[in-house]
Amino acid sequence: MKDWTFEELVGDTAGFFSQHFGRQPLLRRGVLDAARARELASVHRLDDLVAMEAVRPAYLRVARNGQGVSSKAYTRTVNEPGSALTETVVPEQVYELFRSGATVTWNYLHHFLPSARHLAQALTQAFAAPVDTVAFLTPAGHDGYAPHHDPVDVFVVQTEGTKDWRIWQTPAARRSDSVTYSAEQLGEPALQTTLHPGDVLYLPYGTPHAAAAGEQVSLHMSVTVALRGWRDLLRETVDTLTADDAFDGSPHLGGDNPEAAAAALTEMIALLRDRLAALTPATETARLAAAGRSHGGAARPREFQRLAELAGLTPQARLRRTSLPVEIGVSDGGRTRLSVNGHTLAVPDAIAHTLRLLETGGSVPAGELLKDAAAARSLRAAQSLTRLGVLEPAAPAKSTTR
Ligand SMILES: [Fe+2]
């Protein structure tokens with residue numbers, strides 16, 4: 001499966017950020033072909049998932065006539081030998097609700113569906129913010145949810161069937177809560193459209209919308225992005241600046257010496273002000289972005305694959321240093337001690353020398369890492385340093401296939 005990218009959804013990213021992001025919806029027709037759209041989520045795959053005991057009831061939600069259905073209607077308690085009581089989804093009850101017109105949603109799809117994980121990772125990178133993925137499966141001819149807005153930015157990908165959307169003007173003011181509206185409150189929609197498989201729709205934060213399935217069972221995936229506002233970001237900055245013991249302790253408030261408490265507060269404010277003034281905005285922005293990208297639910301390590309590919313390393317393959325810190329010790333009897341990632345190892349001086357050269361950039365063929373030695377021996381050394389994460393292939397890794 002080809003990796004998902006943010007560009008695949010929005011096309012020209014610069015155009016997206018200057019014209020649509022936070023301002024107005026974006027509708028892109030036929031962006032994905034039908035097979036690619038179904039790779040993301042398909043009815044077939046949801047049949048598989050509903051039958052999997054490992055998909056806990058918390059991941060499923062059922063709504064009928066716009067109202068949530070209690071999970072008791074489609075779960076049962078099982079007493080597995082040697083474990084506590086657990087709730088499990090009963091597929092037949094979910095199907096029965098669906099047949100009677102209920103919409104079934106899978107939340108946090110990226111926790112258990114690899115395609116959703118790939119897309120979540122791409123959007124987490126693009127926005128430096130936590131992302132959620134939800135699949136909405138609606139029976140033919142039924143409404144999904146009543147008109148409402150969500151306190152997040154939403155990307156919709158229609159993957160099967162069609163869905164009729166009504167979309168109202170994106171409000172200028174940002175409301176932090178979720179709100180359900182009546183048709184009278186909203187008036188005429190700004191946009192009324194039908195999404196077909198492969199269409200992508202972007203709804204900015206707070207844009208009121210409603211969706212209903214067409215003549216067929218309809219499946220779409222929503223990827224929601226919870227951007228941090230200034231309030232959240234500044235709070236994170238202050239949290240970081242006040243994390244050390246200079247801000248430990250607590251004043252006695254409410255006592256009979258309010259002047260002392262006020263004087264202490266003056267000192268703390270001065271300390272915080274000095275630290276804020278000393279911040280480099282570009283460095284702090286980068287730190288906040290890195291923190292946003294490291295949220296749980298989007299990581300996709302590829303360590304098994306990386307290790308498996310090492311077997312195919314050839315003497316000609318060029319290797320470079322990774323960003324992993326390595327402490328290179330002094331030479332002792334022809335060998336130099338390296339400390340890396342909690343491991344200590346002794347390598348021939350020639351390897352330590354090459355590693356020092358690589359610290360400033362450049363690459364070497366794996367077969368020449370150990371100068372003047374047989375290529376096979378050099379290759380073995382290159383493999384073990386690559387396994388440890390000290391070296392990596394200099395050429396960009398080819399796109400992963402699964
Ligand atoms: Fe919504």
Side-chain angles (χ1 to χ4, degrees), residues 9-10 20-28 37 40-41 46 58-69 98 101-110 116 119-120 123 127 129-139 141-197 199-214 217-227 229 297:
L9 298 193
V10 301
H20 296 276
F21 178 52
R23 296 173 192 214
Q24 55 168 332
L26 168 68
L27 172 60
R28 296 182 75 222
L40 195 54
L46 295 182
Y59 286 112
L60 263 187
R61 225 170 31 185
V62 179
R64 196 161 42 182
N65 304 324
Q67 301 287 319
V69 173
F98 187 70
T103 286
V104 183
T105 56
W106 277 259
N107 305 301
Y108 308 109
L109 209 55
H110 57 296
L119 191 58
L123 269 78
F127 290 96
V131 162
D132 189 12
T133 55
V134 187
F136 291 80
L137 186 66
T138 315
H142 280 270
D143 279 0
Y145 287 86
H148 65 280
H149 81 236
D150 303 297
V152 281
D153 287 68
V154 187
F155 292 87
V156 174
V157 183
Q158 184 72 27
T159 72
E160 292 205 46
T162 59
K163 205 158 264 174
D164 300 325
W165 284 77
R166 284 176 296 153
I167 298 156
W168 287 266
Q169 201 75 41
T170 302
R174 236 172 139 82
R175 292 186 58 174
S176 58
D177 48 352
S178 236
V179 175
T180 301
Y181 302 93
S182 65
E184 299 77 53
Q185 273 174 297
L186 288 168
E188 278 301 298
L191 176 67
Q192 228 164 333
T193 189
T194 300
L195 292 194
H196 295 88
D199 291 351
V200 172
L201 172 69
Y202 161 70
L203 296 175
Y205 185 105
T207 306
H209 57 275
V217 165
S218 170
L219 173 61
H220 79 257
M221 191 193 280
S222 281
V223 187
T224 62
V225 183
L227 291 169

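For clarity, every value in this text was computed on a predicted model and none was experimentally measured. First listed ligand is number 1; within each ligand, the first listed atom is number 1.
For T162, the side chain to side chain contact (heavy atoms under 4.5 Å, CB included) partners two or more places apart in sequence, or in a different chain, are T194, H196. Under the salt bridge (Lys or Arg N to Asp or Glu O under 4.0 Å) criterion, D153 pairs with no residue at all, not counting sequence neighbours. T180 is linked by a side-chain hydrogen bond (donor to acceptor under 3.5 Å, both in side chains) to nothing, counting only residues two or more places apart in sequence or in another chain.
Counting only protein N, O or S atoms, the number found under 2.8 Å from the Fe ion (ligand 1) is 3.
When every heavy atom of P139 is checked against every heavy atom of A213, the shortest pair comes out as O-CB, 3.3 Å.
H209 and H149 have their aromatic ring centers separated by at least 6.0 angstrom.
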**Message:** Using the rule given for side-chain contact (heavy atoms from CB on, under 4.5 Å), can you reason through H142 versus T103, listing the C-alpha separation, both sets of side-chain angles and the distance that settles it, and then say yes or no?
**Reply:** CA-CA 8 Å; H142 280 270; T103 286; 5.5 Å; no
